[in-house]
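Structure, as structure tokens:
Count residues from 1 along the sequence.
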Amino acid sequence: MMENMKKVSIKDIAQVVGVSTATVSLVLTGKNKNGRVSKEMSEKIKNVAHEMNYQPNRLAMSLQSGRSQTIGLLVADISNPFFGTLAFYIQDEMEKAGYAVIIMNTDESDVQMDRMISLLKSRQVDGFIIVPTEFGESSIVQLVNHHVPLVLIDRYYPSLQVDSVLIDNYQAAYEATRYLIDIHCKKIALLIYDNRQPHMFERERGYANALKEAGLYDEGLVKKVRYKFMNEDIMGAITWLSQKRKDMDGILFATNTIAMTGIKQMLHLNFRIGEDVSVVCFDKSDAFDFMPFFIPYIHQPIADMGRLASQLLIKQIENIKVDEEPVHKLIAGLVKG
């Protein structure tokens, strides 16, 4: 029979290190912010806690602090590498600060987002980081009205004064389209989601303005795809362009997911990518490494986005006032190969 393993307590760690339980508690609960315990002693306490496999009692910590030390993260599609990577960096940053992260997937559904917010509120999470859905603004307004710590990421609602972290979507799309123009593309198509989300609007606006400045804009080359019917819409759009717009020589794919299906269909139709048609995608896919040609892409600073969103949320939870504009736009760079 296996012996019951005794759960390690703060008192046990204090006895091994030779300090008071109060000192150990200060370090392990993250309250040693004023340096009351030296850096050397803090490291020693953390090392001993790790060696003894100390597991904090989150319920006790919650009762003591009034916080659950847990936050909710809502993403649009966890199967999308962009959101999976974003979740990784948010979880990493939040765990460093002592918070657990509950990750949930909305599948771009406003109803699902609202249901998940209610569920996580019932779990008494300390705050939210949310990739908002197209028509989910009312759910976010309720959180704002109840003063729930909240950060929006990747997207935002322009009418709300909420901390939001995203890229400069206009500039990214403008730069990508200018690149295609500079390599002598004349008929440049855009494949983009058919929705009214501000980040998609800004990507289309950046694309259109770059072409208008060059006297090359053609509204007929903008093809919009529905999220729920994405595969068939993308394949249909590529097929239509290949048959009806044989002069097309460039494509900007507005998301990584659209790009992967679009490139697959292009290869199926025997397009010579980089020769017949040049393309630029938002984000790099691992699949690009197996292509016999380089695919230029817009590199979004996902790690920086995740870390900044986490830091902003922690400041809200801990009531640290920051006099800054609520919308934080990071720069996404074009990787040309």
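In this structure a side-chain-to-backbone donor-acceptor pair under 3.5 Å is missing from Asp114 to Val111. Here the side chain of Glu175 pairs no donor or acceptor atom with the backbone of Gly333 at under 3.5 angstrom. Proximity of a side-chain donor or acceptor of Ser25 to a complementary backbone N or O of Thr21 within less than 3.5 Å is not detected. Judged purely by atom type and a 3.5 angstrom limit, Asn47 uses its side chain to pair as donor or acceptor with the backbone of Glu43. In terms of modelled atom types and a separation under 3.5 Å, the side chain of Asp168 and the main chain of Ile331 share no donor-acceptor contact. In this structure a side-chain-to-backbone donor-acceptor pair under 3.5 Å is present from Gln69 to Gly98. Put simply, the side chain of Asp249 gets close to the backbone of Lys186: a donor and an acceptor are under 3.5 Å apart. Of the possible polar contacts, none joining the Asp154 side chain to the Val131 backbone as a donor-acceptor pair under 3.5 Å is found. At distances below 3.5 Å, not a single donor-acceptor pair connects side-chain atoms of Thr106 with backbone N or O atoms of Met113. Side-chain atoms of Arg155 come within 3.5 Å of backbone N or O of Pro132 as a donor-acceptor pair.
Taken from CD in Gln171 to CD1 in Ile298, the straight-line distance is 10.5 Å, to the nearest 0.5 Å. Separation of atoms CZ (Phe82) and CD (Gln300) is listed at 4.5 Å; rounding is to 0.5 Å. Note that CE of Met116 is 8.0 Å distant from OG of Ser109, once rounded to the nearest 0.5 Å. We find the NZ-CD distance between Lys96 and Gln311 to be 9.0 Å, quoted to the nearest 0.5 Å. Distance check: Ser42 OG to Leu28 CG gives 9.0 Å after rounding to the nearest 0.5 Å.
Scanning both residues, Ile117 and Phe128, for their nearest heavy atoms gives O-CZ, 3.8 Å. Among all heavy-atom pairs drawn from Ala97 and Ile314, the shortest one is CB-CD1, 3.5 Å. The heavy-atom pair separating Ile192 from Ala254 by the smallest distance is CG1-CB, 3.5 Å. Nearest heavy atoms, Asp110 versus Phe135: OD1-N, 3.0 Å. Between Asp77 and Ser79, the closest heavy-atom pair is OD1-OG, 2.6 Å. Shown here for Cys185 and Leu216, the closest heavy-atom pair between the two residues is O-CD1, 3.9 Å.
Residues Leu143 and Lys121 form a side-chain contact, since some pair of their non-hydrogen atoms from C-beta on lies under 4.5 Å apart. The side-chain heavy atoms of Ser139 and Thr133, taken from C-beta on, include no pair separated by under 4.5 Å. Side-chain contact between Leu211 and Ile181 is present, with heavy atoms from C-beta onward closer than 4.5 Å. A heavy-atom distance below 4.5 Å is found between the side chains of Ile167 and Pro301. Tyr157 has its side chain within reach of Leu152: a pair of non-hydrogen atoms, C-beta onward, lies under 4.5 Å apart. Residues Leu221 and Leu241 have side chains in contact (heavy-atom distance under 4.5 Å, counting atoms from C-beta outward). In this structure the side chain of Phe253 never reaches within 4.5 angstrom of the side chain of Met260, judged on heavy atoms. Under the 4.5 Å side-chain criterion, counting only non-hydrogen atoms from C-beta, Ile251 is in contact with Ile238.
Partner of Ile13 under the side chain to side chain contact (heavy atoms under 4.5 Å, CB included) criterion, out of Val24, Val27, Val19: Val24 alone. Of the candidates Ile317, Val151, Ile129, Leu312 forms a side chain to side chain contact (heavy atoms under 4.5 Å, CB included) with just one, namely Val151.
Remark: Glu202 engages Arg205 in a salt bridge, criterion side-chain N to carboxylate O under 4.0 Å. Using a 4.0 Å cut-off between charged nitrogen and carboxylate oxygen, Glu134 and Lys228 do not count as a salt-bridge pair. Remark: Arg245 engages Asp218 in a salt bridge, criterion side-chain N to carboxylate O under 4.0 Å. At a threshold of 4.0 Å, the pair Lys284-Asp289 counts as salt-bridged, since one of the basic side-chain nitrogens sits closer than that to a carboxylate oxygen.
Side-chain contact check for Asp107 and Tyr227: at least one donor-acceptor pair (N or O, by modelled atom type) lies under 3.5 Å. A side-chain N or O of Thr257 and one of Asn80 form a donor-acceptor pair less than 3.5 Å apart. Under 3.5 Å, the side chains of Tyr170 and Asn209 contain a donor-acceptor pair of N or O atoms. Under 3.5 Å, the side chains of Tyr174 and Glu213 contain a donor-acceptor pair of N or O atoms.
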Report the C-alpha separation of Asn105 and Val75 in whole Å, then their side-chain angles, then the decisive distance to 0.1 Å, and conclude whether the side chain to side chain contact (heavy atoms under 4.5 Å, CB included) test is met.
CA-CA 5 Å; Asn105 189 72; Val75 299; 4.0 Å; yes

Take Leu73 and Met94 through the side chain to side chain contact (heavy atoms under 4.5 Å, CB included) test and state the conclusion after the steps.
CA-CA 11 Å; Leu73 169 61; Met94 294 303 303; over 6 Å; no

Side chain to side chain contact (heavy atoms under 4.5 Å, CB included) evaluation trace for Val225 with Thr261
CA-CA 12 Å; Val225 301; Thr261 303; over 6 Å; no

Evaluation steps, side chain to side chain contact (heavy atoms under 4.5 Å, CB included), between Lys44 and Glu40
CA-CA 6 Å; Lys44 184 176 181 180; Glu40 293 77 11; over 6 Å; no

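Transitive grouping of hydrophobic side chains (ILVMFWY, heavy atoms separated by less than 4.5 Å) keeps Met235 and Ile263 in distinct clusters. In terms of hydrophobic clustering, with Ile, Leu, Val, Met, Phe, Trp and Tyr side chains grouped at heavy-atom distances under 4.5 Å, Tyr156 and Tyr193 are assigned to different clusters. If you chain together hydrophobic residues whose side chains sit under 4.5 Å apart, Phe229 and Ile234 never meet in one group. Under the 4.5 Å side-chain heavy-atom criterion for ILVMFWY residues, a single connected hydrophobic cluster contains both Met230 and Leu269. Ile140 and Ile153 fall into different hydrophobic clusters, where Ile, Leu, Val, Met, Phe, Trp and Tyr are joined by side-chain heavy atoms under 4.5 Å apart, directly or via other members.
Note: Tyr207 and Tyr217 have perpendicular aromatic rings, judged against thresholds of 30 and 60 degrees for the angle between ring planes.
The environment of CG in Asp286 is sparse: at most 12 heavy-atom neighbours from other residues, nucleotides or ligands sit within 6.0 Å.
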